[in-house]
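To start, the structure itself, in structure tokens.
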Amino acid sequence: MKWTQSFIRTFREPPADAETISQKLMHQTGMIDKLISGVYSFLPIGLKVLQKVSNIIREEMNNAGGLELLMPSLQPASLWEETGRYGKMGKDMITFQDRRDRCILLGPTHEEVITDIIRKYVKSWKQMPVLLYQIQTKYRDEIRPRFGIIRAREFLMKDAYSFDVDDKSSEISYFKMKDTYIKIFQRCGLKTDIKQADSGVIGGKFSEEFIAEGQCAELEVGHIFKLGMEYSTKMKAVFNDKEGKEKPIIMGCYGIGVSRIVSAIIEGNYDNKGIIWPISVSPYQVLILPLKSGEEKEMAEKIYENLKKPGWEVLLDDRDESAGIKFSDGDLLGIPIWLIFGKKLKEGKVEVKLRKNNKFYDVPIENIEQFIKDILKEL
RNA sequence: CGGGGCGUAGCGCAGCUGGCUUAGCGCGCAUGGUUUGGGACCAUGAGGUCCUCGGUUCAAAUCCGAGCGCCCCGACCA
């Protein structure tokens, strides 16, 4: 991607109302744009990171045997009355009347909907275990949205639900998810602690939450629950066991705040100049900086085309800006590997800079591809 | 919902105490030119419902009232 075509717009100063570092940096790099309190647009560069995180989650969920589905955001209040949660959630839920005066809500979570699906489709012990998940927007009218997308009223969440024939099997599902979560957070470059937690409105028997390290004390990037028979009993999600006896399905549910992860990654990976993306979620892997407009720019474009071929995501800063601005914006944006086309080009060399530790390497142009390959192994 | 703060150009702010020309500054943006290794410079220019409504007044960004919005602390929360 060429910078001049990328919609990237950086700001020298953070917005006055931003408090946390991730919020400031996401605004300064033009990743997000606030519409109203707790509600944000993801601009192209921000969406790119969000999609990287989503794809890591997807891969690991699929590896764990999960099946992706997509449930609606609009849900009938009547379904929530079955579990008694309509009252419990209270004003956190965004509700409205449709034209037939039916009470509809914007889904803050999906236990009721998934249980409804399961009770319609699963009738036999032979159909389990099942693990279903979705990546979808959730709506919660938080008492106090804060810290940008860390606690938003509209946010992207991965929610998964497991269905088993008995406690033993459900336990296996639970621990499989726990392992999967550890892998997901590792791949995203997040250090997390696991703590036993209060199950809150979700209910169930037991839950653990994954807390991301960082300055910002907030909720937590993942939460896994053993729900037991809580929902299946109330909603009559039952199956026939081997003896033909009717039994309630044993459930678990597993959430990850996808958009919140993006914030959490920044909270754990930045310096006074800007973001330092882990390679796995960086919007681009390589940033190319031609510092002058002549031969440097020509050569930079050539290398840019070459590097795109093997599938690397490359950002070429083709703006007619001074070196200082390109460096500063590069630091702010946090792309891990930089290729600087400047002084050293006369000697046939490109300078490689690593954002992480600010180390520079002089690399002959013909060796660039191999050099990046080697560096990528270490990052 | 309680407490605190804020609302003036795309962003960051000054002006308000003590009402008075055409409401400023920095950044950004546009055009032209000189620059180009860590946020360069010159010139010209565009851009404003001073959050909204009402009140006081000869006169309101400025004073008063109400409302709306935003941020922070607290309670609350996957």
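In what follows, chains carry the letters A, B, and so on, assigned in the order in which the sequence lines appear, proteins first and then strands, with residues in each chain numbered from 1.
Side-chain N/O atoms of A:R151 and base N/O atoms of B:C77 include a donor-acceptor pair closer than 3.5 Å.
For A:K191, there are no salt bridge (Lys or Arg N to Asp or Glu O under 4.0 Å) partners at least two apart in sequence or on another chain. Considering only residues two or more places apart in sequence or on other chains, A:D318 meets the side-chain hydrogen bond (donor to acceptor under 3.5 Å, both in side chains) condition with A:T4. The salt bridge (Lys or Arg N to Asp or Glu O under 4.0 Å) search around A:E59 returns A:R187, not counting sequence neighbours.
Judged by distance alone, the side chains of A:Q370 and A:D374 do bring a donor and an acceptor atom under 3.5 Å apart. Side chain to side chain, A:N240 and A:K245 fail the donor-acceptor criterion of an N or O pair below 3.5 Å. A:E112 and A:T83 are linked by a side-chain donor-acceptor pair at a separation below 3.5 angstrom, with hydrogens and angles left out of the test. A donor atom on one side chain and an acceptor atom on the other are not found under 3.5 Å apart for A:Q186 and A:Y181.
Taking side-chain N and O atoms only, A:S328 has no distance below 4.0 Å to OP1 or OP2 of B:G38. Phosphate contact (OP1/OP2 of B:C73, side-chain N/O of A:R144, threshold under 4.0 Å): present. Note on A:R146: a side-chain N or O is less than 4.0 Å away from OP1 or OP2 of B:G74.
Following rounding to the nearest Å, A:I143 (CD1) and B:G2 (P) show an atom-to-atom distance of 13 Å. Atom CZ of A:R319 is separated from atom P of B:A40 by 12 Å (rounded to the nearest Å). Counting to the nearest Å, the P atom of B:G38 and the CZ atom of A:F327 are 7 Å from each other. When rounded to the nearest whole Å, the span between CG of A:N358 and C1' of B:G37 equals 13 Å. As rounded to whole Å, 17 Å separates atom P of B:G38 from atom CG of A:N272.
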Would you write the dot-bracket representation of RNA chain B, where each base gets (, ), [, ], | or . depending on whether it forms a Watson-Crick or G-U pair under 3.5 Å and with which partner?
(((((((..((((..........)))).((((((.....)))))).....(((((.......))))))))))))....
What protein N or O atoms touch nucleotides 6-11 of chain B N or O atoms at under 3.5 angstrom, if any, and at what distances?
none

Please write out each protein N/O paired with an N/O of nucleotides 67-70 of chain B under 3.5 Å, distance rounded to 0.1 Å.
{"from": "B:C70", "atom 1": "OP1", "to": "A:S37", "atom 2": "N", "distance (Å)": "2.9"}
{"from": "B:C70", "atom 1": "O3'", "to": "A:K34", "atom 2": "NZ", "distance (Å)": "3.1"}
{"from": "B:C70", "atom 1": "O2'", "to": "A:D17", "atom 2": "OD2", "distance (Å)": "3.1"}

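Evaluation of the side chain to side chain donor-acceptor pair (under 3.5 Å) test over residues 339-348 of chain A, restricted to residues two or more places apart or in two chains, returns A:K344-A:D362.
A:F155 comes within contact range of at least one nucleobase, with a heavy-atom separation under 4.0 Å. Within the 4.0 angstrom heavy-atom criterion, base atoms lie near A:F360.
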Could you go through residues 160-170 of chain A and list every donor-acceptor pair under 3.5 Å that involves a side-chain atom there, pairing it with any protein atom two or more places apart or in another chain?
{"from": "A:Y161", "atom 1": "OH", "to": "A:H110", "atom 2": "N", "distance (Å)": "3.3"}
{"from": "A:Y161", "atom 1": "OH", "to": "A:D159", "atom 2": "OD2", "distance (Å)": "2.6"}
{"from": "A:S162", "atom 1": "OG", "to": "A:G252", "atom 2": "N", "distance (Å)": "3.3"}
{"from": "A:S162", "atom 1": "OG", "to": "A:Y254", "atom 2": "OH", "distance (Å)": "2.7"}
{"from": "A:D164", "atom 1": "OD1", "to": "A:S169", "atom 2": "OG", "distance (Å)": "2.4"}
{"from": "A:D164", "atom 1": "OD1", "to": "A:S173", "atom 2": "OG", "distance (Å)": "3.2"}
{"from": "A:D164", "atom 1": "OD2", "to": "A:S173", "atom 2": "OG", "distance (Å)": "2.8"}
{"from": "A:D166", "atom 1": "OD1", "to": "A:K168", "atom 2": "N", "distance (Å)": "3.3"}
{"from": "A:D166", "atom 1": "OD1", "to": "A:S169", "atom 2": "N", "distance (Å)": "2.8"}
{"from": "A:D167", "atom 1": "OD1", "to": "A:K205", "atom 2": "NZ", "distance (Å)": "3.4"}

Can you give the donor-acceptor pairs under 3.5 Å from side chains of residues 307-316 of chain A to other protein atoms, not counting sequence neighbours?
{"from": "A:E313", "atom 1": "OE1", "to": "A:K52", "atom 2": "NZ", "distance (Å)": "2.5"}
{"from": "A:E313", "atom 1": "OE1", "to": "A:Q285", "atom 2": "NE2", "distance (Å)": "3.3"}
{"from": "A:E313", "atom 1": "OE2", "to": "A:K48", "atom 2": "NZ", "distance (Å)": "2.7"}

Show me the donor-acceptor pairs within less than 3.5 Å that the side chains of residues 123-131 of chain A make with the rest of the protein, sequence neighbours left out.
{"from": "A:K123", "atom 1": "NZ", "to": "A:R119", "atom 2": "O", "distance (Å)": "2.8"}
{"from": "A:S124", "atom 1": "OG", "to": "A:K126", "atom 2": "N", "distance (Å)": "2.9"}
{"from": "A:Q127", "atom 1": "OE1", "to": "A:K123", "atom 2": "N", "distance (Å)": "2.7"}
{"from": "A:Q127", "atom 1": "OE1", "to": "A:S124", "atom 2": "N", "distance (Å)": "3.0"}
{"from": "A:Q127", "atom 1": "NE2", "to": "A:Y121", "atom 2": "O", "distance (Å)": "2.8"}

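Listed by residue number, A:S199, A:G200, A:V201, A:I202 are the residues of residues 182-209 of chain A with a heavy-atom contact under 4.0 Å to RNA chain B. Remark: A:K344, A:E351, A:K353 in residues 344-357 of chain A come within less than 4.0 Å of RNA chain B through at least one heavy atom.
Looking at A:K353 and A:D331, a side-chain N of the basic residue comes within less than 4.0 Å of a carboxylate O on the acidic one, giving a salt bridge. One finds a salt bridge joining A:D329 and A:R319 here, because a Lys/Arg side-chain nitrogen approaches an Asp/Glu carboxylate oxygen to under 4.0 Å.
Residues A:I117 and A:Y231 share a hydrophobic cluster, clusters being chains of Ile/Leu/Val/Met/Phe/Trp/Tyr side chains in contact below 4.5 Å.
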Starting from the C-alpha separation in whole Å, work towards a yes-or-no answer on side-chain hydrogen bond (donor to acceptor under 3.5 Å, both in side chains) for A:S22 and A:E267.
CA-CA 6 Å; A:S22 59; A:E267 294 287 330; 2.6 Å; yes
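In this structure, of B:G37, B:C72, B:G39, it is B:G39 that holds the atom nearest to the side chain of A:R12.
Cation-pi contact between A:K138 and A:F155: absent, since separation from the ring centre below 6.0 Å together with deviation from the ring axis within 45° is not met.
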